[in-house]
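Below is one structure, written out as structure tokens; the observations come after it.
In this text the structure is predicted, and so the values were computed from the model without any measurement.
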Protein chains: 2
Amino acid sequence: MTDGVVERTRPRDRILETAQDMFHKHGIKGVGVDAITEAAGTNKMTLYRHFESKDELIIECLRATAAKAARIWDEFEAAHPGDKLAQLHAWVQKASEMLSADCRGCDMANAAVELSETDHPARRVIKELKEAQREKLVALCRDAGVGQAELLADTLSLLLEGARVSMQSVGAEGPSAQFVRMAEGLIASFRAR
Amino acid sequence: MTDGVVERTRPRDRILETAQDMFHKHGIKGVGVDAITEAAGTNKMTLYRHFESKDELIIECLRATAAKAARIWDEFEAAHPGDKLAQLHAWVQKASEMLSADCRGCDMANAAVELSETDHPARRVIKELKEAQREKLVALCRDAGVGQAELLADTLSLLLEGARVSMQSVGAEGPSAQFVRMAEGLIASFRAR
DNA sequence: CTAGGGTGTTACCGGTCTGTAACTTCCAGA
DNA sequence: TCTGGAAGTTACAGACCGGTAACACCCTAG
């Protein structure tokens with residue numbers, strides 16, 4: 001009925017995709033494994049045959065989400081081959097599009113907030129994935145010919161991270177509405193030096 | 001023994017203070033009312049005589065935290081009476097000090113992430129408190145003689161919000177380490193126009 | 001046709017959660 | 001000294017949680 005993911009895919013894939021969606025919408029601690037398996041059209045035993053624990057499932061979801069995000073970078077390269085500055089502007093554009101009205105923020109950042117135990121197994125994965133994203137943006141800024149590429153990349157990172165969390169507390173009409181203006185202003189300012 | 005808040009204060013005050021601390025450290029969904037009352041040196045019945053539900057306690061905690069934050073603004077005025085630009089720099093300084101190694105971020109933003117249900121009673125409170133903070137920063141920027149005060153205030157807001165969530169995912173050595181440089185650069189840039 | 005692995009089903013374990021009931025204890029103020 | 005309200009205590013309800021055991025099923029590869 002309302003499932004949508006039940007089709008002829010393997011249970012493991014359905015669980016992974018459903019869990020990603022539900023973790024994103026309702027938060028990690030807001031979703032139980034029972035609810036995930038039911039929405040995925042399967043059952044708890046099958047989940048535990050493929051994932052040794054809920055924590056393991058969380059980690060796999062984060063990896064899958066990061067992999068999806070990484071694919072977007074390929075689109076930038078495909079749309080503007082070799083033109084790194086255009087790709088940087090495309091990044092700003094894409095980022096602003098993710099700030100839609102019902103934005104629930106970055107899954108990795110949200111997970112870091114929810115999983116407050118410093119020794120939670122997902123934390124090191126989050127750190128790794130976030131650092132990889134950071135290096136990508138730094139490289140893009142550098143290849144776009146910007147001086148102080150690290151500083152620009154870090155500033156843009158914080159702006160986006162802040163916009164995504166700000167949306168959840170004050171909504172889309174808050175400070176995050178000005179994200180494109182801020183980001184483009186920063187890029188212009190850094191390029192002028 | 002390890003309590004520290006037990007003293008001769010009223011149970012309601014001890015519960016409120018303890019709950020603020022524990023919600024901040026472990027997250028809202030990561031702390032049960034039993035744990036709060038035990039740490040506060042009281043019991044569950046007393047909690048429910050003073051707060052009609054956990055949600056109500058959450059809201060009171062957020063209000064108390066916001067009230068504490070508001071008091072910091074008075075310190076700025078006391079330290080630099082009438083000098084709004086100096087107060088703005090003091091804000092940057094104070095903000096960066098909050099980005100210490102074990103920073104757990106903004107309680108309101110964290111709550112917004114954790115309480116994903118859009119109709120949760122705490123959500124409207126979070127929005128109100130965050131909007132009040134925003135207006136304060138806008139007024140400070142304007143009174144400091146900055147053109148486009150709203151844009152500067154919103155940019156600084158997003159930067160800080162981003163820095164606080166970034167700390168939780170990648171740690172203090174990540175992008176948030178450059179917060180002061182970014183903020184001061186922005187202020188200088190806006191003032192130059 | 002048959003064997004076996006992936007899957008579904010049901011029931012259960014021990015623990016935790018919010019919230020309540022009924023009763024006792026304590027202490028301050030009259 | 002008496003009294004009334006605040007606070008503590010114990011027990012419990014009802015729900016949900018992550019995770020497991022035992023068993024039935026079905027479909028495909030040989």
Would you check if there is a donor-acceptor pair between the side chains of A:T46 and A:N43 at a distance under 3.5 Å?
yes
Contacts of B:R181 that satisfy side chain to side chain donor-acceptor pair (under 3.5 Å) - sequence neighbours left out:
A:Q148, B:Q178
Not counting sequence neighbours, which residues clear salt bridge (Lys or Arg N to Asp or Glu O under 4.0 Å) with A:E135? List them please.
none
Sequence-distant partners of B:A69, side-chain contact (heavy atoms from CB on, under 4.5 Å), two or more places apart
B:Q133
Check the distance between C:dG8's P and A:R12's CZ and give it to me in whole angstrom.
15 Å
Pairs where residues 184-193 of chain A contributes a residue and the test side-chain hydrogen bond (donor to acceptor under 3.5 Å, both in side chains) is met, not counting sequence neighbours
A:H89-A:E184
Could you list where the contact with chain B starts and ends along DNA chain D, reading 5' to 3', using a 4.0 Å heavy-atom cut-off?
D:dA7 to D:dT9
Test side chain to side chain donor-acceptor pair (under 3.5 Å) applied to B:Q87 - qualifying residues, sequence neighbours left out:
B:E77
If a pair satisfies salt bridge (Lys or Arg N to Asp or Glu O under 4.0 Å) and one of its residues is in residues 97-111 of chain A, list it, with sequence neighbours excluded.
none
Is there a residue in residues 20-27 of chain A whose heavy atoms reach under 4.0 Å of DNA chain C, and which residues are they?
none
Residue met sooner reading DNA chain D from 5', once A:A35 and B:T42 are mapped to nucleotides
B:T42
With sequence neighbours excluded, give me every salt bridge (Lys or Arg N to Asp or Glu O under 4.0 Å) pair touching residues 112-133 of chain B.
B:K29-B:E117, B:R124-B:E128, B:K130-B:E161
Mind listing the residues from residues 44-62 of chain A sitting with a heavy atom below 4.0 Å of DNA chain D? Number order is fine.
A:K44, A:M45, A:Y48, A:S53, A:K54
Identify, with sequence neighbours excluded, every residue that meets salt bridge (Lys or Arg N to Asp or Glu O under 4.0 Å) alongside B:D34.
B:K44
Partners meeting salt bridge (Lys or Arg N to Asp or Glu O under 4.0 Å) with B:K25 (sequence neighbours left out)
B:D21
Check the distance between C:dG19's C1' and B:N43's CG and give it to me in whole angstrom.
13 Å
Distance check needed: C:dG6 P versus A:R14 CZ, whole Å only.
16 Å
